Amino acid sequence: METHHWIIYLLYFAGAAQIFVALIYNWVRRILEWDEAIDSMPTTLNRQIAHTYSRYIQGLNFAFGVITIALADSFLEEPRFGAAIALLLLVYWGVRFVISLAYYDIRAIVAQRPLYRIGNIGFSALFAMVAAIYGATASAILF
């Protein structure tokens, strides 16, 4: 039971972290000058799709956070639901973490200000922690 007690607190942390990522999203958009880049796309449809998908991601991050906090007990009380959602979010945030390390070329941005380098490291660590929390949750449910 003690393990489950800590998992609930870890899920609260993961939920809050996802809400934080969603709320800070507009600040990141400004730093990366996304709106200017999107506005320079050649067609209106491209711009609309880029804006739509970026807002979908923001909304999903926020929704995943709210769901995790609101239903933290359900992860353990409803094992099939809990395992399914935990595994989904483990993959979602695990892939996001791997992409941030292996694919994104962030050198030009982090060279602008020390704060941006710290922020990049912090976000990567946060993505890894959230993925690990969902992995630990799934493990506690399944094993």
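Just so we're clear, the structure is a prediction, and the values are computed from it rather than from any experiment.
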Task: E33 CD to I109 CD1 distance, which is reported to the nearest 0.5 Å - done: 7.0 Å

Task: F13-W6 aromatic ring centre distance below 6.0 Å - done: no

Open item on the list: What's the separation between atom OG in S139 and atom CG in L90, rounded to the nearest 0.5 Å?
Closed with: 8.5 Å

Open item on the list: I'd like to check H51 versus D35 (side-chain heavy atoms, cut-off strictly below 4.5 Å). Are they in contact?
Closed with: yes

Task: Candidate pair V28 and V21, rule side chain to side chain contact (heavy atoms under 4.5 Å, CB included), full reasoning - done: CA-CA 9 Å; V28 171; V21 168; over 6 Å; no

Open item on the list: If you compare all heavy atoms of L126 against all heavy atoms of A17, which two are closest, and at what distance to 0.1 Å?
Closed with: CD1-CB, 3.6 Å

TODO: Would you kindly confirm whether I24 and I99 end up in one hydrophobic cluster when ILVMFWY residues are joined by side chain heavy atoms under 4.5 Å apart?
DONE: no

Open item on the list: Are there over 12 heavy-atom neighbours, none belonging to R29, within less than 6.0 Å of that residue's CZ?
Closed with: yes

Open item on the list: Do F20 and L32 sit in one hydrophobic cluster, given that two such residues count as connected whenever their side-chain heavy atoms are within less than 4.5 Å of each other, even indirectly?
Closed with: yes

- [ ] Would you kindly confirm whether L101 and Y92 end up in one hydrophobic cluster when ILVMFWY residues are joined by side chain heavy atoms under 4.5 Å apart?
- [x] yes

Task: Contact summary for L87 and A138, nearest pair of heavy atoms - done: CD2-CB, 3.7 Å

- [ ] Find out if a path of hydrophobic residues (ILVMFWY) with successive side-chain heavy-atom gaps under 4.5 Å connects V66 to L60.
- [x] yes

Open item on the list: According to a hydrophobic-cluster definition based on side-chain heavy atoms being under 4.5 Å apart (Ile, Leu, Val, Met, Phe, Trp, Tyr only), do I121 and F127 belong together?
Closed with: no

Open item on the list: For the CD1 atom of I8 and the CG atom of L76, what is their distance to the nearest 0.5 Å?
Closed with: 4.5 Å

- [ ] Under the side-chain hydrogen bond (donor to acceptor under 3.5 Å, both in side chains) rule, collect the residues that match up with R30, sequence neighbours excluded.
- [x] none

TODO: Report yes if the side chains of Y134 and V91 come closer than 4.5 Å at any heavy-atom pair, otherwise no.
DONE: no

Open item on the list: Donor-acceptor pair, distance only, cut-off 3.5 Å: does the side chain of T43 make one with the backbone of N46?
Closed with: yes

Open item on the list: Using 0.5 Å steps for rounding, measure from the CG atom of N120 to the CD1 atom of I106.
Closed with: 4.5 Å

Open item on the list: Under a 3.5 Å threshold, yes or no: a donor from one side chain and an acceptor from the other, between Y12 and T68?
Closed with: no

Task: I133 and W93, any side-chain heavy atoms less than 4.5 Å apart - done: no

- [ ] With salt bridge (Lys or Arg N to Asp or Glu O under 4.0 Å) as the test, would you mind laying out the steps for R47 and D39 before giving the verdict?
- [x] CA-CA 6 Å; R47 290 188 295 275; D39 289 344; 5.2 Å; no

TODO: Decide yes or no for I141 and F81: does some side-chain heavy atom of the first lie under 4.5 Å from some side-chain heavy atom of the second?
DONE: no

- [ ] Quick one: closest heavy-atom pair of Q18 and N61, and the distance?
- [x] CB-O, 3.3 Å

Task: Between CG on residue L89 and CZ on residue F75, distance to nearest 0.5 Å - done: 6.0 Å

TODO: Can you label the angle between the Y9 ring and the H5 ring as parallel, tilted or perpendicular, going by 30° and 60°?
DONE: perpendicular

Task: Atom pair CZ/CG of F62 and L23 - distance to nearest 0.5 Å - done: 6.0 Å

Open item on the list: Using 30° and 60° as the class boundaries, would you call the ring planes of W34 and Y25 parallel, tilted or perpendicular?
Closed with: perpendicular

TODO: Might you work through the side chain to side chain contact (heavy atoms under 4.5 Å, CB included) test for S100 and F123, ending with a clear yes or no?
DONE: CA-CA 9 Å; S100 71; F123 272 113; over 6 Å; no

TODO: State, to 0.1 Å, how close Q58 and R55 come at their nearest heavy-atom pair, and which atoms those are.
DONE: OE1-NH1, 2.7 Å

